[in-house]
Amino acid sequence: MNAGQDAGKDEVTWWFKILGRCVGAISALVCMGLGVWVCITIHPICIVAGVLMIVLGLFVMVMEAPLCCTFFDGLDRFAAWVGKLKYFYKAIIYCVMAIFPMMLCFEISTVFGSGLIFVTGAIYGVMALGKKGGQVRRPDDVEMNQRLTDGEEPVAMTPEGT
């Protein structure tokens, strides 16, 4: 029953898991850096978006690379909890949180910084689908495919092409 809800938890290859973590950590660093850049403005809404990008980058960094944030107390329990979190939930959290800075201040730096976090969420969404895209193979499908392929006759080609 749980396999249908999160089909990709055990089916994801090791390199795709590392890719998700690396993209998440790099996008968090870029998001925090561009958040500082967005804060240098006279528009108060863009300052709020920049602060939100810094907080979002720090949050993603804590979730993806807790080793980089060892100065926080109690982070080991949070990292263990995040490690057990399903990929689908991470995808939703990242994609939804990445939209808010873009809604507040639509500039190239907010789109790029928050967009990288959104891409991380999209990668986790693909990881949640698993190898078969969440499709469960039923015995009826295998039997039907077997009957279809058994009834086919091979096509023979003559040297003349007819």
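By convention here, the first residue in the shown sequence is residue 1. What you see is a predicted model, and the numbers here were worked out from it, not measured in a lab.
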Value rounded to 0.5 Å, distance of CG in Leu52 from CZ in Phe100:
8.5 Å
Minimum heavy-atom distance between [X] and [Y], given as atom pair plus value:
X      : Y     : result
Cys31  : Met53 : SG-O, 3.3 Å
Ile123 : Gly20 : CG2-CA, 4.0 Å
Met127 : Val12 : O-CG2, 3.4 Å
Gly125 : Ala91 : N-CB, 3.5 Å
Pro101 : Met97 : CD-O, 3.4 Å
Tyr124 : Glu64 : OH-OE1, 2.7 Å

For a 4.5 angstrom cut-off between non-hydrogen side-chain atoms, does [X] reach [Y]?
X      : Y      : result
Val36  : Ile54  : yes
Met61  : Leu29  : yes
Lys90  : Ile93  : no
Leu116 : Ile26  : no
Tyr94  : Phe118 : no
Ile18  : Cys22  : yes
Tyr87  : Lys17  : yes

hydrophobic_cluster_shared for [Y] and [X], side chain cutoff 4.5 Å:
X      : Y      : result
Ile108 : Met103 : no
Ile99  : Met63  : yes
Phe16  : Val119 : yes
Val96  : Val82  : yes
Val51  : Trp37  : no

Would you check if the side chain of Thr110 reaches a backbone N or O of Cys105 as a donor-acceptor pair within less than 3.5 Å?
yes
Can any side-chain N or O of Ser114 pair as donor or acceptor with the backbone N or O of Val111 at less than 3.5 Å?
no
Under 3.5 Å, side-chain donor or acceptor atoms of residues 39-49 against the rest of the protein: list the pairs with distances, not counting sequence neighbours.
from	atom 1	to	atom 2	distance (Å)
Thr41	OG1	His43	N	3.4

